[in-house]
2 protein chains.
Amino acid sequence: MSTSSPATIEDVARIAQVSIATVSRAIHTPEKVANSTRLKVNQAIAITGYTTNAMARSLRLGRSNMILVVAPDIGDPNFSNILVGLENEARAHGYGILIGHTQNDPQRGLEYLKFLNSNQAAGLILFTGILPFGHQSMTARLPPSVGVFEPVYNGGIPYVGVDDIEGARKAVDLLIAEGHRKIAFIGDSRTRLAYSRRRQGYDAGLDAAGVPAGERIILEGDGTIESGRLALEQLFMRDTLPSAFMCVNDQTAIGVMIGLGARGYDIPTDFSVTGFDDVPQASFMTPALTTIRQPRTAIGKSAMALLFELLSDSEPTDTEILLRPDLIVRNSVSAPSRRFQKR
Amino acid sequence: MSTSSPATIEDVARIAQVSIATVSRAIHTPEKVANSTRLKVNQAIAITGYTTNAMARSLRLGRSNMILVVAPDIGDPNFSNILVGLENEARAHGYGILIGHTQNDPQRGLEYLKFLNSNQAAGLILFTGILPFGHQSMTARLPPSVGVFEPVYNGGIPYVGVDDIEGARKAVDLLIAEGHRKIAFIGDSRTRLAYSRRRQGYDAGLDAAGVPAGERIILEGDGTIESGRLALEQLFMRDTLPSAFMCVNDQTAIGVMIGLGARGYDIPTDFSVTGFDDVPQASFMTPALTTIRQPRTAIGKSAMALLFELLSDSEPTDTEILLRPDLIVRNSVSAPSRRFQKR
DNA sequence: CTGAAAGCGCTAACAT
DNA sequence: ATGTTAGCGCTTTCAG
């Protein structure tokens, strides 16, 4: 393929008739080089098409200018916009980003750990606890890292996410305001902090509305479309149905909506549904889903900014940054059907 | 963060009481090392938690064991499963993969080119023409590369995709078999080869069915949901409507379905719709979308396998690998409504 | 302002 | 079977 091997700093030096040290300086500290020499060097660079060999540079420096972003699932509709925020901020600092994909496979996680271990990345952005942190010895020498969405491990890794409690609270409050009291929470989970926080918001809202704990319906779920559909089926086997479904995320809500549709119910006439995240699909559903929007680009930007703070200061300024989620009102919520109003 | 700097080969050598060369050999060519020494080395490695510094190794070797995958849009629902195929195959060869994200920004593309230029990746997987190939000098020294979905550039970069013509043909043929003759093709494009090939399949099918070119309705589109919706609006401004919409991909089909739903039409009673790709969402639509499935994992696997062929042989075996797409019949197609049957 | 030279961690001859 | 050593391309003292 390659016609010739890439130009090295030496090629440039030869052509510019200077030493390699001068070339290096001309690139990194141009002010320390005479104007005329700088010119010659630049020309030589142009001629050769030289780019510094990042391997060699990083080996020498002991650090790279790449940030590794490790995510369990690239396909997650929540991921892609965060990435944009992450990327833009990284570029602003002269860093590039690389994406690692674990599919929740610890083995994969380990490989990225090795990658980090050899200084191939200067920092790490972590989505929801994916690293095999059991691995004692390695944990110690993680580069500066920040988590997204949820705190990672017990350790001192700061994170940025959204205020899940507040977001969930906004959703319940809307439902309550519309007149609902029998509101099911779909997608509770003890393993995902974000989910249990949303559950907290739900409880807080019902507490405030004076709905006794006994009237609350809670179903577990892992946040997939399937889990939403499944939870719905379980619910229909019980005798008491809610008038509204508050779902832990949009995927779950979509599952619920599909299930409801399959049973011939109309949303929001028969049942109201809310989601959380505002994934692209939410607005394309019929009816369009009322949900809580995550400021994704902003989350990405903050997370990366925080990482750069860590990279320069040794002092971690904030240990937790929570952004404000917004309620997006669309068409999946209305007053409860007569059936429920009678009670 | 890091308690100490990572262990080097020298640390291991010291502890094992051997030379660094022996350590290197014990790792890479264990059969050339005495059993007893190998044991000592392995213990030392365990103690220190040593991992070879990939930077140094690659610098020395002049190549890395990472494959760069560059995609214009990570969020593309088509992307994520391909990635899985890519990853699995890469791992089987002892390689890791890194994902680059261009957002169709040439500047971004350039950065990845630099990355490649410094041997940070041994090979390249390219999704639909994203590199700034205008850049003369760099083009020449691309590492072994393979494209996915569509051929890249003019050059000799082989690619693997799906037989778009055959796939599209399966979709038209179904529509024809159901009795449709007035079939609109939504999403024609001169810039995307895959799309124009699907158009070819459409034309071939109608030719075979004896539908004159004059009765065909072709609308442009870039494959987004919006483009589908838009095309539909244009169509409703004309006097003749088709009985079926054959969409260039699922996203477009979803846009068409949304538009049709908004106008109060029922699918498939009033209009039939087909897509292409079989993205996850397709099965969740109401009605579930009849579409053409791309064997995504297989595509990923083949692409990576082809890349490794390139990496070893210098002979490029195949220059184009086309996988067979399957028709997935769901509920968005039926016989044309009476309105059309009258003709 | 510029050059010479050491050395980052590793592998692969080349010795022994 | 094992050790010694050159050198991958680069940055950075240290001299001049």
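Keep in mind that the numbers below use all heavy atoms, side chains included, and drop hydrogens, waters and symmetry copies. Per chain, numbering begins at 1; letters A, B, ... match sequence-line order.
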query: Roughly, in whole Å, what's the span from CE in A:M55 to C1' in C:dC8?
result: 14 Å
task: With the side chain of B:R25 defined as its heavy atoms from C-beta on, choose the nearest nucleotide among C:dG3, D:dC10, D:dT2.
output: D:dT2
- prompt: For B:D11 and C:dG9, what is the distance between atoms CG and P respectively, to the nearest whole Å?
  reply: 9 Å
query: Are any of the side-chain heavy atoms of B:I9 and B:T52 separated by less than 4.5 Å?
result: no
query: Among the nucleotides D:dT5, D:dT2, C:dC1, which one has an atom lying closest to any side-chain atom of B:V33?
result: D:dT2
field: Atom pair distance, as rounded to whole Å: CZ in B:R38 and P in D:dA1
entry: 10 Å
DNA chain D: 5'-proximal contact among B:S36 and B:A56 (nearest heavy atom): B:S36
message: Any base atoms under 4.0 Å from A:A21, or only sugar-phosphate, or nothing? Heavy atoms, all strands.
response: base
- request: Considering just the side-chain nitrogens and oxygens of A:S58, establish if one lies under 4.0 Å of OP1 or OP2 belonging to D:dC10.
  value: no
task: Examine C:dT2: is either OP1 or OP2 under 4.0 Å from a nitrogen or oxygen in the side chain of A:T37? Give yes or no.
output: yes
task: Could you tell me whether the side chain of B:E320 and the main chain of B:Y159 form a donor-acceptor pair under 3.5 Å?
output: no
- prompt: Once you round it to whole Å, what is the distance between C1' of C:dG7 and CD1 of B:I9?
  reply: 16 Å
field: Ring centres under 6.0 angstrom apart (A:F149, A:F127)
entry: yes
Candidate nucleotides D:dG3, C:dT2, D:dT12, ranked by approach to the side chain of A:S24 - the nearest: D:dT12
- request: Grab the CZ-C1' distance between B:R14 and D:dG3 for me, whole Å please.
  value: 17 Å
Which atom of A:L116 lies closest to which atom of A:P143, heavy atoms considered: CD2-CG, 3.8 Å
statement: Rounded to whole Å, NZ of A:K40 lies from P of C:dC1 at a distance of 14 Å
query: What is the distance from CZ of A:R57 to C1' of C:dG7, rounded to the nearest Å?
result: 16 Å
field: Below 4.0 Å: OP1/OP2 of C:dA4 and any side-chain N or O of A:S19
entry: no
message: Given D:dC10, D:dA1, C:dG9, identify the nucleotide with an atom nearest to the side chain of B:N53.
response: C:dG9
query: Just checking A:L61: base, sugar-phosphate only, or nothing, at a heavy-atom cut-off of under 4.0 Å?
result: sugar-phosphate
- prompt: In whole angstrom, what separates B:L59's CG from C:dC8's C1'?
  reply: 9 Å
field: Minimum-distance nucleotide to A:Y50 side chain [options: D:dC8, D:dC10, C:dC10]
entry: D:dC10
query: Is the closest side-chain donor-acceptor distance between A:N35 and A:R38 under 3.5 Å?
result: yes
message: Nearest to the side chain of B:T8, heavy atoms from C-beta on, is which of C:dC10, D:dC10, D:dG3?
response: C:dC10
